[in-house]
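Since the structure comes first, as structure tokens, the remarks are kept for the end.
Remember, it's 1-based here, ligands and their atoms both numbered in the order they're listed.
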Amino acid sequence: MKLDLNIQPLSTWINTGKEPLVIAGPCSAETEDQLVATAHLLAKTGKVAALRAGIWKPRTRPGEFEGIGSIGLEWLKRAKQETGLPTAVEVATAKHVEEALAAGVDILWVGARSTANPFTVQEIADALKGTDVPVMVKNPVNPDLSLWVGALERINRAGITKLAAIHRGFSSHGASTFRNEPMWDLAISLKTHAPDLPIINDPSHITGNRDLIGYISQKAFDLDMQGVMIESHIDPSVAWTDAKQQVTPAALVEIIENITLRKPEVKNAAVSDKLAELRSKIDKIDDLLIQKVAERMTIAEQIGKHKKDNNITILQVNRWEEILKKTTDYGKALKLSPEFTEKFLELVHAESIRRQGLILNEGLDQPKENLTHA
Ligand code: PEP
Ligand code: MN
């Protein structure tokens, strides 16, 4: 599926001359002094392309600081006047859009909680009609590519062509190293569907932990994302929101200086020949892999038929556990992580089970398995 998005290059709306591209600023505008002083320090680094600050904050629980509100727009105006940095804020309603545009905010973004709600996104899109302000759309809190794509389409159809996606990770259940799981495959999938759409990574909200921001930023650039948005506060220890993930402007400089930018294309002939040779090896192995998986499915179907003829259940837990153990052990010996082998086997096994189900229940109405969402 190729997306039909009409998009202008990033360089038409943000200074892409400073490499890597960094948008930075506090999670929230708290006071005029905090915002303006942070903006001055960020501008002085010479490494920041735009100043971000949340003034309307979507909080998960009521009673927490919900943003300073419209007065923050005046502070952003002052920060921009004094530093020359273009400004960016989150908008979640039509009123936010109108106020932000009236105050001369340069870039708007749609937050993760808003992207998850098509009504909200449509309201924002309608308010944007007739303008050409740049808009960045964060991924929804839940790992649903269609919702992310849908939000980008709604904004684009409203006539916004200065468009980017922000990858900020996804909520997940249970303990994790990250505040929001990166689930890189979803961002890569978006890139495959819309190759012209710039993707900005948000390592602050992915990690929730300032010590991991450099690591995630590097990974984002290695995956050919176009920039990062990093929360930076003059004194993170007293930040009113997201204190653990904000960095001082000085720490931000260190993170940026440690990033290595690698090239997506290879210009040197010897390097590109070597790459082509290795890729051709990979292609051959992929062909074999898929051929073997197909063979495995055929055998699984034969087993399905045999089970049907003899009235045996599809899933025999012992057998599955045995396969899992035997194969992850073998994988370990071949230096594959047990997590990877298990995930791979589960995917293959789920497809085997699905096919056996079709055979066992031939003649019954089958629900259509659908990998995309409504
Ligand atoms: C933010 O950028 O401060 C924010 C609220 O992020 P998200 O929408 O990604 O949670
Ligand atoms: Mn934040």
Side-chain angles (χ1 to χ4, degrees), residues 22-30 34-35 38 42 48 50-62 64-69 72 75-76 87-93 96-97 100 105-118 120-121 124 134-144 147-148 151-152 155 164-172 176 178-183 186-187 190 199-210 212-213 216-217 220 225 227-248 251-252:
V22 178
I23 300 170
C27 176
S28 301
E30 299 163 1
Q34 168 254 4
L35 181 67
T38 306
L42 290 173
V48 171
L51 173 72
R52 66 145 281 156
I55 62 171
W56 298 289
K57 302 299 297 179
R59 304 314 301 274
T60 303
R61 307 278 307 275
E64 295 176 38
F65 174 59
E66 291 188 329
I68 209 68
W75 308 344
L76 274 166
T87 54
V89 294
E90 172 175 352
V91 290
T93 65
H96 294 166
V97 174
V105 172
D106 300 280
I107 303 165
L108 307 182
W109 85 81
V110 177
R113 290 158 195 78
S114 301
T115 306
N117 182 347
T120 301
V121 175
I124 296 169
V135 178
M136 308 188 290
V137 179
K138 288 205 176 198
N139 66 255
V141 278
N142 51 324
D144 185 334
L147 268 177
W148 198 5
L152 287 156
I155 306 282
I166 300 182
H167 171 228
R168 53 77 81 193
F170 302 86
S171 289
S172 71
S176 158
F178 299 114
R179 177 176 175 195
N180 291 292
E181 286 300 322
M183 302 189 187
L186 280 176
L190 178 65
I199 303 185
I200 311 272
N201 182 262
D202 175 346
S204 308
H205 289 91
I206 288 178
T207 61
N209 170 356
R210 65 177 69 84
L212 296 173
I213 290 176
I216 291 292
S217 303
M225 294 194 183
V228 284
M229 176 153 95
I230 298 179
E231 287 187 339
S232 178
H233 188 290
I234 189 164
D235 184 358
S237 68
V238 297
W240 298 0
T241 55
D242 291 352
K244 283 196 227 128
Q245 70 193 35
Q246 303 208 56
V247 293
T248 60
L252 178 71

Exercise for review: Please state whether the rings of F65 and W240 are parallel, tilted or perpendicular, taking 30° and 60° as the class boundaries.
Suggested key: perpendicular
Check your understanding: Are any of the side-chain nitrogens in D242 or K57 under 4.0 Å away from the carboxylate oxygens of its partner?
Key -> no
Exercise for review: Determine yes or no for a side-chain-to-main-chain donor-acceptor pair under 3.5 angstrom, with S171 supplying the side chain and N142 the backbone.
Suggested key: no
Review point. Donor-acceptor pair, Q34 side chain versus A239 backbone, under 3.5 Å?
Key: no
Point to revise | Any donor-acceptor N or O pair under 3.5 Å, side chains E231, H205 | key: yes
**Study point:** Between D235 and S237, a side-chain donor and acceptor under 3.5 Å
**Key:** yes
Check your understanding: Under a strict 4.0 Å criterion on non-hydrogen atoms, which protein residues are in contact with ligand 1?
Key -> C27, R52, K57, E90, W109, G111, A112, R113, K138, R168, H205, E231
Point to revise | S204 vs I213 side-chain heavy atoms within contact, under 4.5 Å | key: yes
Review point. Is any side-chain heavy atom of V89 closer than 4.5 Å to a side-chain heavy atom of L108?
Key: yes
Check your understanding: Knowing that exactly one of K138, R168, R52 qualifies, which makes a side chain to side chain donor-acceptor pair (under 3.5 Å) with D202?
Key -> K138
Study note, to complete from the structure: Listed as residue and atom, the protein N/O/S atoms under 2.8 Å from the Mn ion (ligand 2) are C27 SG, H205 NE2, E231 OE2, D242 OD2
